[in-house]
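All values below come from the heavy atoms of this structure, side chains included, with hydrogens, waters and symmetry mates left out. In what follows, chains carry the letters A, B, and so on, assigned in the order in which the sequence lines appear, proteins first and then strands, with residues in each chain numbered from 1.
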Amino acid sequence: MQAPDIAAKRRKGLADALDRDAGTVEGTGGFVQRYYGGASLGGSARRASIDEQRRRLPAFKHRLQLLYAIETHLTTIVTGEPGSGKSTQLPQYLYEAGWAADGKAIACTQPRRVAAAMLAQRVADEMGVELGTTVGFSVRFSDASDPQATRIKYLTDGTLVRECYADPLLSAYSVIMVDEAQDRTIATDTLLALLKKVQRKRRGDLRVVISSATLDAERLRAFFGRDDTATVSISGQLFPVDTQYLDAPCENYVTAAVETVLRIHELEALGDILVFLPGKDDIAAAISQIEDLAYANERLASLLPLPMHAGLSVDGQRVALEPASAGVRKAIFATNVAETSVTIDGVLYVVDCGFVKQRLLDPATGLDRLATIPISKSSARQRAGRAGRTQPGKVFRLYTHAASGSSLFPQHDVPEVCRLPLAPMALTLKALGVDNLARFDYVQPPPPALLSHALEALASLGAIDAQTGSLTQGFGLHLVELPLDPPLGACLLNSVRRFGCVREALAAVALLSLGETPFVAPSGRQAEAREDWRDFMAREGDVLTRVNALLGYQDTPARARQQWCRTHFLSSRLLDQATRVSRQLEGYLVRFGHSRSELASSCGRDASLLQKCLVSGLFANAARRDGAAGGSGYRLLRGGAAADIHPSSVYFAEDARPEYVIFASAMATTKTYIQGVTAIEPEWLTELAPHYFSASQAAPSRPHPTN
DNA sequence: GAGCACTGC
């Protein structure tokens with residue numbers, strides 16, 4: 001139960017807050033209050049205008065209703081469109097109402113780091129405090145919070161889950177607001193499930209607020225218990241969006257998108273167009289179609305097609321965000337980044353192809369697929385909303401009205417726990433004392449096949465005991481702490497324990513955890529780039545080649561790195577991030593008690609040490625040349641699926657390909673491609689993963705049964 | 001022979 005004096009203080013705080021304001025607020029549920037005053041806290045003109053702005057936000061009308069709901073219910077679900085101010089205002093209302101009065105803090109979690117940092121900055125500005133004092137944030141690589149002073153703390157949900165390791169009851173917080181819950185990421189779902197457990201243990205002392213744009217509210221109410229859960233809906237600041245559909249299904253959404261853009265440009269008032277397409281190939285195709293047409297058509301000179309996807313450099317993204325010159329209409333061809341992560345101002349028209357690329361693990365084959373699938377109805381609404389941010393807009397859906405209502409488009413997205421590899425989540429839950437993952441109280445239970453896949457993977461790495469299912473001392477416990485996929489974490493731990501190649505392993509693991517290759521050439525300069533890249537190339541494969549690039553980058557003085565990347569056609573964004581990751585990982589190894597000299601170990605000229613080190617974690621990703629199929633392809637040792645070398649690999653253009661390889665990832669798109677490929681000797685598999693491979697041939701034996 | 005959506009610790 002809530003300590004009486006604290007609750008009383010808070011109620012007084014609520015009353016004080018009411019006393020400061022002026023006008024009449026009306027909430028639903030019969031909770032109508034008069035409020036007085038109007039003095040701003042700071043008294044300066046700037047503060048007064050900030051207060052004015054805060055009052056104009058839709059959330060303000062629901063302020064008392066929200067505070068009342070949170071005061072009287074353990075869990076409150078808040079739905080509201082973007083622009084309603086819930087992410088910035090609700091934590092402030094709670095603070096003003098005294099929820100942080102007794103030394104506890106109010107947490108607000110976000111799925112993405114930039115969002116957490118930006119929100120904290122804005123709220124600090126609104127409250128007139130220095131960021132990192134009363135208002136702070138904590139995300140990977142950046143902590144601007146002070147345990148003594150911070151009362152409103154923005155974090156990523158992954159960071160808060162990690163705080164559970166040190167403080168399983170999250171006792172530093174009185175209220176935890178989980179924002180953007182509609183994303184249903186693994187981290188969000190994990191956090192929600194943990195919060196339900198913590199709420200029970202803290203016996204009414206922790207309030208949970210779940211906020212979301214378009215939420216499966218009923219599911220969450222049922223999960224947290226209908227009696228203890230309130231629902232509040234806040235209207236957004238969106239303008240009406242007129243929706244248009246095709247009369248008949250289109251054959252090709254790229255052509256249809258281009259045609260629609262041209263028609264808008266021809267017929268509609270000036271205003272930018274945002275086009276949603278599934279991938280960057282489609283984006284490039286659409287843009288080049290428009291550019292080709294523009295040669296022959298002068299009227300298209302005032303139409304500026306631009307790409308927007310996560311693979312672009314910061315500068316590349318900025319071009320699409322900047323306003324076009326007078327009289328020019330931007331047509332931004334974007335992937336899903338523009339649905340959630342990036343907000344583009346000035347968009348009046350949205351063109352939505354109705355598809356998205358989504359990653360999913362096929363439990364039958366154990367292979368990742370990147371599939372182009374119809375979007376959910378929630379996602380369609382979200383995309384449409386991008387046209388109505390500043391004035392009434394229009395959305396052109398590249399499918400028929402009949403299809404839009406049909407089951408072709410599911411109501412909501414499939415949450416990540418139902419489609420992605422779960423080994424990292426399984427490790428987290430084990431570390432937090434969840435012994436039986438099959439019986440855990442999930443927001444939405446994952447398919448059993450995904451769970452057993454994860455448990456088998458963890459057992460084969462030695463992270464959990466195959467018989468008891470509990471984390472192994474030392475290895476398993478360290479693996480939990482590392483911010484890495486378990487196989488990569490295993491490589492890193494083994495590099496210091498067994499192989500003495502920490503310098504290279506840090507680089508390799510950091511690069512592989514980011515997934516992409518740093519070798520990126522602008523179109524048209526491929527040949528020139530390939531020539532330059534020869535200096536980095538290693539016979540042993542992609543990983544050593546990328547390691548060479550990263551170590552070269554790190555050996556370059558910081559101020560010269562950008563230029564160095566430009567001359568060598570390398571992604572400085574990726575290499576910079578990999579550098580930060582490897583530094584953070586090194587910090588973990590220090591914390592685990594490894595000495596400076598252990599961490600300085602290098603394999604020097606003996607690349608086989610690093611190769612073996614990679615095998616020790618990635619052994620499940622082994623493949624052998626497929627002689628029967630003509631020799632250029634591979635066959636996975638686990639499952640036996642056919643696979644090809646990804647075009648980004650150093651082996652793609654090679655005739656002499658190694659007989660046995662391990663790879664960082666396999667992904668089925670048009671074909672199954674393996675990526676991040678390293679040559680190995682087959683006997684390393686039986687030497688380093690004898691439990692996984694039978695000694696006679698390098699083929700997997702059945703993994704140990706688990707749990 | 002020719003390509004990977006998006007996050008996060």
S.K.: If you assign A/Asp281 and A/Leu514 each to the DNA chain B nucleotide with the nearest heavy atom, which residue ends up on the more 5' nucleotide?
M.R.: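 This one resolves to A/Asp281.
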
S.K.: Of the non-hydrogen atoms in A/Tyr154 and A/Ala116, which two are nearest, and what is the gap between them?
M.R.: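 Result for this residue pair: CB-O, 3.5 Å.
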
S.K.: What does A/Thr185 touch in the nucleic acid at a heavy-atom separation under 4.0 angstrom: a base, only the sugar-phosphate, or nothing?
M.R.: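 No contact.
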
S.K.: Remember a base hit wins even if backbone is also touched, and classify A/Ile186 as base, sugar-phosphate or nothing at under 4.0 Å, heavy atoms.
M.R.: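 No contact at all - A/Ile186 keeps every heavy atom at 4.0 Å or more from the nucleic acid.
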
S.K.: In plain terms, say whether A/Glu481 and A/Arg591 are close enough for a salt bridge, that is, a side-chain N and a carboxylate O under 4.0 Å apart.
M.R.: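 Salt bridge: yes.
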
S.K.: Quick check for you: name the first and last nucleotides of DNA chain B, 5' to 3', having an atom under 4.0 Å from a heavy atom of chain A.
M.R.: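 Terminal contacting nucleotides, 5' to 3': B/dG1 to B/dC9.
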
S.K.: Assign A/Glu516 to base, sugar-phosphate, or nothing according to its heavy-atom contacts below 4.0 angstrom with the strands shown.
M.R.: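 The residue A/Glu516 makes no contact with any strand.
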
S.K.: Using the six-membered ring wherever Trp is involved, compare the ring planes of A/Phe409 and A/Tyr399 and label them parallel, tilted or perpendicular (cut-offs 30° and 60°).
M.R.: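 Aromatic pair A/Phe409/A/Tyr399 classed tilted.
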
S.K.: For A/Thr428, report the nucleic acid contact type (base, sugar-phosphate, nothing); a contact means any heavy atom under 4.0 Å.
M.R.: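 If one applies the 4.0 Å heavy-atom cut-off, A/Thr428 turns out to touch nothing in the nucleic acid.
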
S.K.: Look at the rings of A/Phe440 and A/Tyr442 and say which category their plane angle falls in: under 30° parallel, 30 to 60° tilted, over 60° perpendicular.
M.R.: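 A/Phe440 and A/Tyr442: perpendicular rings.
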
S.K.: Looking at every strand, decide which applies to A/Thr517 at a 4.0 Å heavy-atom threshold: base, sugar-phosphate, or nothing.
M.R.: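 Contact class for A/Thr517: none.
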
S.K.: Base, sugar-phosphate alone, or nothing: which one does A/Val356 contact when heavy atoms must sit under 4.0 Å apart?
M.R.: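 Nothing, no nucleic acid heavy atom in range.
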
S.K.: Which one of A/Ser211, A/Pro91, A/Cys108, A/Ser212 satisfies the side-chain contact (heavy atoms from CB on, under 4.5 Å) criterion with A/Lys86?
M.R.: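 It is A/Ser211, the one option of A/Ser211, A/Pro91, A/Cys108, A/Ser212 that forms the side-chain contact (heavy atoms from CB on, under 4.5 Å) with A/Lys86.
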
S.K.: Looking only at side chains, do A/Glu339 and A/Ser379 share a donor and an acceptor under 3.5 Å apart?
M.R.: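 Yes, side-chain donor-acceptor contact under 3.5 Å.
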
S.K.: Decide whether A/Gln675 and A/Ser665 meet the rule of one side-chain donor and one side-chain acceptor closer than 3.5 Å.
M.R.: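 Yes - a donor-acceptor pair under 3.5 Å links their side chains.
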
S.K.: Scan A/Arg112 against the nucleic acid and name what it touches under 4.0 Å (heavy atoms): base, sugar-phosphate only, or nothing.
M.R.: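 A/Arg112: backbone/sugar contact only, no base atoms under 4.0 Å.
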
S.K.: Students often get this wrong, so: under 4.0 angstrom with heavy atoms, is A/Ala310 touching a base, only sugar-phosphate, or nothing?
M.R.: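 Answer is sugar-phosphate: A/Ala310 comes under 4.0 Å of backbone atoms only.
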
S.K.: Reckon A/Val139 touches a base, only the sugar-phosphate, or nothing at all at heavy-atom distances under 4.0 Å?
M.R.: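 Sugar-phosphate: the residue A/Val139, judged by heavy atoms under 4.0 Å, touches backbone atoms but no base.
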
S.K.: Between A/Met308 and A/Arg140, name the one whose nearest nucleotide on DNA chain B is closer to the 5' end.
M.R.: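 First, find each residue's nearest nucleotide; the 5'-ward one identifies A/Met308.
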
